[in-house]
There are 2 protein chains.
Amino acid sequence: MPVHPMPPTPPTGPRADGPFRTNALGHLVATRAASMPQRGVAKAAHAVKQRLIGEPLATGELAHERIPKWKALAVFASDALSSVAYATEEVLLVLVAAGAAALVWGLPVALAIVALMVMVVYSYRQTILKYPQGGGTYLVTKDNWGTGPALVAGSSLMIDYVLTVAVSISAGAAAVTSALPALAPYTVAVAVSAIALVTLVNLRGVRESASIFAIPTYVFIVSMLTLLAIGTWRVLTGMGPVEAVASVAPPALEQLGIFVVLRAFASGCTAMTGTEAIADGVPAFQAPQPKNAVTTLWCMAALLGTLFVGITALSMHFHILPQHGETVLSQLARAVFGYGPFYYLIQAATALVLILAANTAFADFPRLTSFMAQDKFLPRQFVFRGDRLGFSVGILFLGGVAAALVVAFGASVHHLVPLYAVGVFMSFTFSQSAMARRWWTRRESGWQRGLAINGFGATITGIVALVVMTTKFTHGAWMVVVLLPLMVLLLLGIARHYDAVATQLAVPPREVAPLPLERARVVVPVGDLNRASLRTLRFAMGLSGDVTAVHVATDAESPARLRAQWAAHGLQVNLVVVESPYRALVAPVLAYVDTLEPERQPVPVTVVLSELVPRHWHEFLLHNRMAFRLKLALLFRKNVTVVDVPFHLA
Amino acid sequence: MPVHPMPPTPPTGPRADGPFRTNALGHLVATRAASMPQRGVAKAAHAVKQRLIGEPLATGELAHERIPKWKALAVFASDALSSVAYATEEVLLVLVAAGAAALVWGLPVALAIVALMVMVVYSYRQTILKYPQGGGTYLVTKDNWGTGPALVAGSSLMIDYVLTVAVSISAGAAAVTSALPALAPYTVAVAVSAIALVTLVNLRGVRESASIFAIPTYVFIVSMLTLLAIGTWRVLTGMGPVEAVASVAPPALEQLGIFVVLRAFASGCTAMTGTEAIADGVPAFQAPQPKNAVTTLWCMAALLGTLFVGITALSMHFHILPQHGETVLSQLARAVFGYGPFYYLIQAATALVLILAANTAFADFPRLTSFMAQDKFLPRQFVFRGDRLGFSVGILFLGGVAAALVVAFGASVHHLVPLYAVGVFMSFTFSQSAMARRWWTRRESGWQRGLAINGFGATITGIVALVVMTTKFTHGAWMVVVLLPLMVLLLLGIARHYDAVATQLAVPPREVAPLPLERARVVVPVGDLNRASLRTLRFAMGLSGDVTAVHVATDAESPARLRAQWAAHGLQVNLVVVESPYRALVAPVLAYVDTLEPERQPVPVTVVLSELVPRHWHEFLLHNRMAFRLKLALLFRKNVTVVDVPFHLA
């Protein structure tokens with residue numbers, strides 16, 4: 001019986017006092033109650049979630065706040081500034097392997113890195129001025145180089161952010177265990193707990209404007225500057241260290257050479273991670289945004305350079321060597337202050353600022369993945385804002401992957417760092433070269449100067465990226481080299497899937513889709529003739545004139561019994577009995593459906609199932625859930641529509 | 001638009017060369033191929049299962065074989081005979097706690113138990129003669145006492161069988177670790193592996209006729225009789241033990257008294273477990289069945305009595321005391337043979353016969369649970385025969401619970417035994433008293449003598465059950481006392497559920513079920529207007545004239561865009577937009593469905609879902625599976641029918 005569309009009847013509308021606010025006819029607005037599960041397990045799960053991360057926020061509550069420069073410095077610079085907690089140590093670790101004499105290269109390497117940073121900052125200054133809406137590497141690269149390079153840049157940024165979390169949190173845990181050696185056996189647990197905490201805080205949603213961010217950053221800056229000042233004063237007045245740090249250099253493992261110095265340079269470049277954060281965050285600044293952002297950028301560079309060079313120089317002077325179980329910064333603080341409140345303040349501030357650095361990645365990574373998911377390169381789930389308006393999927397993904405890395409690498413900064421710097425400098429290079437291309441193609445006023453600056457920046461950072469990759473290749477950078485193309489392939493595959501889906505779902509305007517039921521063959525599995533199966537059969541007969549009831553018989557009596565019931569009820573439906581000598585229930589139904597060849601013929605097959613729904617979940621154990629098993633088995637059959645008619649047991 | 005049932009069209013039948021053998025029109029017989037999953041994960045899982053337990057067998061292959069007496073003795077008596085491996089030890093363990101002097105009670109207690117056994121066997125002889133179709137306690141009790149007592153008997157039998165497995169396997173593991181002390185730390189692992197093995201063997205299906213059963217039982221019987229003969233000869237010729245077993249009795253912990261003797265008696269009663277096995281298995285005997293079964297029963301009793309009294313007497317003579325790490329039987333074998341091939345043969349035969357004893361429970365328990373499930377006291381899954389014609393669910397359940405018990409009790413026979421004897425003697429009592437009642441009510445010829453025998457048997461076993469429960473109460477029998485009523489309540493609850501379901505599903509003959517769709521209100525959630533959702537809307541319009549499309553909007557643009565598409569396609573379907581400020585997708589649809597009040601009104605609501613089905617399972621990660629989440633959420637909504645229209649992506 002062909003069924004035709006009918007003109008619409010008036011809607012059976014909701015009551016006025018219902019869970020909706022009605023704006024207009026046919027346009028409702030869900031209240032908060034109507035947006036949450038109201039029953040059962042889902043409600044309980046939602047309550048637990050609310051307890052953890054707070055009440056859901058409406059989309060309209062999304063805040064676009066502006067923050068002053070002094071706060072922006074704290075918010076965006078914590079990542080970069082915190083790198084000084086481990087950068088010096090990484091330089092010294094490389095050099096000391098070539099013997100104590102090699103340590104004289106420590107300061108030159110630190111100065112070279114600062115020079116590099118000045119160039120990069122100068123280069124980013126241009127990006128800020130041209131992309132006041134936020135000059136993230138992915139967007140700038142896509143804008144100027146196109147999709148392919150943007151995907152490489154995006155992938156290296158994703159790696160970069162994951163490693164920011166893993167390295168910062170591991171370094172924070174090292175700061176804690178340096179001060180409290182009793183915690184040393186639990187370093188990995190401390191680090192994973194810190195990641196879990198930061199993840200949870202970000203799921204709750206952190207306003208970037210929160211003043212609470214500023215405190216640890218400024219405490220860190222002030223205490224580091226104090227450390228440098230008092231340390232310098234001790235040096236100038238010829239006083240020795242308060243606590244002797246009697247480190248003996250281990251025997252040289254390799255010969256000092258240009259390669260070792262370059263590797264030390266590559267390790268130290270981790271000090272520059274986070275430099276791009278301010279360029280990413282321009283929209284958060286108070287007006288005039290670009291100008292304020294640039295000022296903040298220079299402040300950050302000045303502070304970072306001072307701290308890095310200062311810490312390196314003082315560490316050299318006090319002959320501090322990397323030690324197992326205590327960070328270089330901890331040794332330096334002991335040398336300058338001795339054990340005491342100020343030493344513990346330094347360690348606490350370092351740990352806190354490192355957690356803030358990880359937090360920066362939790363702001364940047366989900367934003368990046370939401371951009372990439374909008375462009376269909378990542379699953380759509382990354383686009384949706386969670387209950388608290390954060391990109392929950394991105395936040396959870398970052399926390400999970402970073403925690404896995406921390407566990408895999410035993411929370412060792414030293415083993416994570418080789419993976420880190422490659423991604424950072426690749427994204428620097430993409431960002432700067434994209435700017436250079438922009439100058440070249442658009443020829444805006446001052447393009448020659450802009451091109452020179454960004455072109456130089458791109459060249460230098462590109463060379464550094466190559467240096468890092470070469471010198472650190474066997475230490476772990478190879479993983480990035482292997483991972484990056486795989487990630488790009490995955491991103492392209494995802495986009496290809498979405499494109500294919502879109503093509504298949506696209507309809508030309510006014511095309512009328514075929515009526516799938518017009519000639520549908522309907523199959524109704526029937527075990528027993530009861531109220532539920534009778535209702536289901538009636539439903540099926542309403543769907544189509546071609547209804548076949550299929551009875552799978554596992555004993556000798558049931559077919560005759562069913563045929564008798566069939567006659568007693570005067571059922572006008574064709575009944576096929578399938579004897580199942582192997583007592584299988586699901587497979588014979590599937591085999592019967594397959595004989596109708598739904599995959600080859602244009603006429604669809606509709607299977608109408610009768611499903612008993614017990615009142616309590618544990619009662620499910622008392623039924624063999626045939627309907628559920630059939631639904632599962634039919635899920636992948638093509639051209640088969642499944643209709644589930646529930647029969648609710650009281 | 002109301003839809004009416006149509007007269008049936010000719011069936012769209014299967015092809016002749018399809019997966020069915022057609023017996024008659026509308027009657028197919030599934031081939032083996034049509035009874036197994038043909039694709040995907042299900043196919044792979046089925047292949048693994050086949051590898052483990054073998055090819056499925058057709059129902060017609062169920063064998064009803066008859067076995068001769070000598071084989072029946074091996075098959076049915078292994079449970080009872082194997083108890084001698086631990087019964088003497090349990091008696092001595094109780095007595096020795098009251099000091100070395102108390103050990104003189106060992107032999108009297110053993111003789112009392114044998115006297116009790118003779119009475120029980122005499123009593124069971126009657127059951128065999130009256131229930132040649134198999135006189136299992138549950139059936140006999142149900143037949144004569146009715147449902148309530150049958151459930152108590154059935155529950156105690158279930159406990160009994162589980163403990164048969166746990167105790168026998170633990171005792172078998174003790175026999176192994178006595179001979180190979182290096183395995184002692186792995187006793188629990190050895191026991192659990194043995195349970196897993198027996199479970200797997202039973203899932204494959206064991207023919208009771210298998211001669212392989214007879215071998216270890218007869219080896220055990222012959223080697224035990226040899227042990228007794230040589231031991232007695234050594235005693236009579238005044239020779240001491242080959243290996244001195246210098247056990248020193250521990251200091252007495254309690255005073256010898258009637259209570260201690262009774263407790264020793266209760267412990268020794270575990271020797272009688274398995275006595276009912278022959279009465280259960282009468283149908284498996286060759287004709288004349290009852291006569292042959294009775295002969296076998298007496299043979300078993302004679303052997304069991306001889307072995308138990310002999311082992312106890314010899315152990316007393318050689319002053320063998322229960323030791324940690326070595327069984328009494330192992331010590332006795334060493335005393336008689338010394339370390340050597342014969343000693344190891346005894347230990348191996350003991351371990352094997354104990355595994356066979358556990359195997360007996362694997363035959364009895366699933367049969368009992370299938371009877372009880374047929375009576376609706378257990379989930380229906382216990383009724384179905386698995387691929388190899390065994391009651392797979394019962395087999396797996398028994399293996400799982402027994403393994404859990406073994407782990408919980410550290411494979412300690414001594415700690416398991418107090419739980420064991422209570423259930424055994426309760427089921428003896430139920431069985432005998434049911435026979436007594438049968439004589440009383442039916443007054444068949446010879447009823448006075450029958451009543452006297454079974455009445456006496458019931459009284460004695462009832463007293464023993466009380467003695468066991470009292471003397472072992474604090475040692476673990478309380479668990480059975482707590483568990484038994486809970487089990488009966490559970491069984492009754494299950495039956496009540498099935499009764500309630502049957503009542504709700506029952507239809508008076510020729511009652512015509514209401515057409516649920518005639519005035520159905522249909523709701524179609526629509527995210528986007530595409531080929532899939534258009535198809536789904538067409539389907540919905542075919543179902544009813546009252547179709548409402550519901551669009552949940554999480555951004556400001558989508559409603560206008562959708563309304564434009566609606567107009568472009570000229571869709572004659574009412575569109576309701578639900579703004580979702582909290583970005584919830586599922587809850588607003590549920591809230592909308594609830595405003596239609598499907599739970600209160602007789603008019604059902606049908607939700608028609610459009611489900612994208614990707615080709616590969618991993619592609620599911622790229623979609624947010626709205627349809628799946630809605631199906632899950634709607635599962636428990638009353639009066640809501642869910643129609644799932646799949647759209648298969650290429």
Among [options], single out the residue with the greatest number of heavy-atom pairs under 4.5 Å to chain B.
options	value
A:Pro588, A:Pro379, A:Pro581, A:Ala633	A:Pro581
A:Val578, A:Leu609, A:Val640	A:Val578
A:Thr554, A:Asn530, A:Ile494	A:Asn530

Of all of B:Ser533, B:Gly386, B:Pro37, which one pairs up most often with chain A through heavy atoms under 4.5 Å apart? B:Gly386

Most heavy-atom pairs under 4.5 angstrom with chain A, which of B:Gln504, B:Met36, B:Gln565? B:Gln504

If we only count heavy atoms from C-beta on, is the B:Leu571 to B:Leu534 side-chain gap below 4.5 Å? yes

Is there side-chain contact between A:Val573 and A:Leu575, with heavy atoms separated by less than 4.5 Å? no

N/O donor-acceptor pair under 3.5 Å between A:Arg380 side chain and A:Ala373 backbone: no

Between B:Arg583 and A:Arg385, is there a donor-acceptor pair closer than 3.5 Å when you use the side chain of the first and the backbone of the second? yes

Can you name the closest pair of heavy atoms from A:Phe539 and A:Val608 and give their distance? CD2-CG1, 4.3 Å

Which atom names give the shortest non-hydrogen contact between B:Phe647 and B:Arg531, and what distance separates them? CZ-CD, 4.0 Å

Of the backbone (N, CA, C, O) and the side chain (C-beta and beyond), which part of B:Leu590 lies under 4.5 Å from a heavy atom of chain A, both, or neither? neither

Is it the side chain or the backbone of B:Ala500 that comes within 4.5 Å of chain A heavy atoms, both, or neither? neither

